[in-house]
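Worksheet: one structure, shown below.
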Amino acid sequence: IHLQVATLLEVDTFTLALYDPARELIEFPLSFRDGQRRVFNSRPLNKQAPQELIDFVIEQKAALLLEDNIVERANTRRLTPPSDVGTTWLGVPLLTSDRALGCIAIGSRDPKRRFTKDDRRLLTTIATQGAVSIDNAQLYRQTQERSRQLGMLNSLTTQLSGTLDSQAVLDMIAPAMTDIARTDGVALFVWLDELQQQTLAMVRSNGLSAAFRNNPPLPLLSGTMAAVPLVIGSTSEEPRDEPFRAALASEGFTSWVELPLRYGSEVLGMLVGMYRPPKRFSVEELEVLRAFANQSALSIHNARLYRRAG
């Protein structure tokens, strides 16, 4: 894509930005200025005014052409001009049939250069072709990730089935959750009084501070012990339990998923996976996590039966 743009258009700056809707992050895999590679850290997509130009193009799924007077034209639209302001700027989205994959943005500092509607049409054509290749690559990566998760799930099933030691079973679950779901933190809650089910406690964790482990807040589902997962893509979306949100925020987490550990009609506990960047789950990802939670619940149940029988 960069070679096509560099060959067909006279530009000083080129940026390829990709949007990850699952984490609500914009990544910058490729950026050049005056032929020199630039590196930018990923950042959240800004949906509030004033937006940066790239954010606007991605969210609106529409091209943006600022022929000249970039700062003035951007301010008029309540947009934030780029830090390396040139004399002309053009951004077009990388579109599939249902979403924006990202954006191609180009700029020039040549006072005689002005991007035109013809430039916009040409860059849109390049972006359309590029979007197909990027979409295919992302689909392949997603397929590989799903295969990885299923492979780990099968391996874990074998490990859990190979022991009836209840403590060993609990030891396996939190690290496995980290590996399968790529979580930043995990908390495993089970009933300490297995029959009465009145005391729910965190018995294992991964990636959590000592302060959190010493005084863990109960999952939001603990009040109902619902049988379906609860997914929170951002702490700002969940108004029900301020102490729980505050505790997660103190650890730097913005998103989490609560998975009931269900055996038949009985909920044995709760498995919570936590993420620092915002996280969105596909239907396929949730199905893998539910299968993992169900297998964990089965192993906990079998280990408890074995302990009681002994």
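In this text the structure is predicted, and so the values were computed from the model without any measurement. Values below: all heavy atoms of this structure, side chains included; hydrogens, waters and symmetry mates excluded.
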Q | Short side-chain donor-acceptor distance under 3.5 Å, T163 and Q159 | A | no
Q: To the nearest 0.5 angstrom, please state how far the CG atom of L66 sits from the OG1 atom of T76.
A: 9.5 Å
Q: Classify the side-chain pair S108/R113 by whether it contains a donor and acceptor separated by less than 3.5 Å.
A: no
Q) What distance separates F189 CZ from M202 CE, expressed to the nearest 0.5 Å? A) 6.0 Å
Q: Find out if a path of hydrophobic residues (ILVMFWY) with successive side-chain heavy-atom gaps under 4.5 Å connects L259 to L150.
A: yes
Q.
By the definition side-chain contact (heavy atoms from CB on, under 4.5 Å), identify the one residue from V203, L261, L200 that meets it with W191.
A. L200
Q. Salt-bridged, R114 to D119, with N to O below 4.0 Å?
A. no
**Q.** Presence of salt bridge, R204 and D171, under 4.0 angstrom
**A.** yes
Q) Is there a side-chain contact between R73 and D68, using heavy atoms and a 4.5 Å cut-off? A) yes
Q) Are R43 and D55 ion-paired here, with the side-chain N under 4.0 Å from a carboxylate O? A) yes
Q.
Before we go on, tell me: are the rings of Y275 and F281 under 6.0 Å apart, centre to centre?
A. yes
Q) With the 4.5 Å side-chain cut-off for hydrophobic clustering, are F28 and L25 part of the same group? A) no
Q) Which distance, rounded to the nearest 0.5 Å, do you find between the CG of L122 and the CD1 of I126? A) 4.5 Å
**Q.** Interatomic distance, T15 atom OG1 to I106 atom CD1 [nearest 0.5 angstrom]
**A.** 10.5 Å
Q. CD1/I104 to CG/L18 distance, rounded to the nearest 0.5 angstrom?
A. 9.5 Å
Q.
I'd like to know if F56 and L95 are part of one continuous hydrophobic network [Ile/Leu/Val/Met/Phe/Trp/Tyr, side-chain heavy atoms within less than 4.5 Å].
A. no
Q: Look at R280 together with D20 and state whether they make a salt bridge at an N to O cut-off of under 4.0 Å.
A: no
Q. Could you state the interatomic distance from CG (L153) to CD (E287), rounded to the nearest 0.5 Å?
A. 11.5 Å
(Q) Quick test of your reading of the model: are E285 and K279 salt-bridged, counting only N-O distances below 4.0 Å? (A) yes
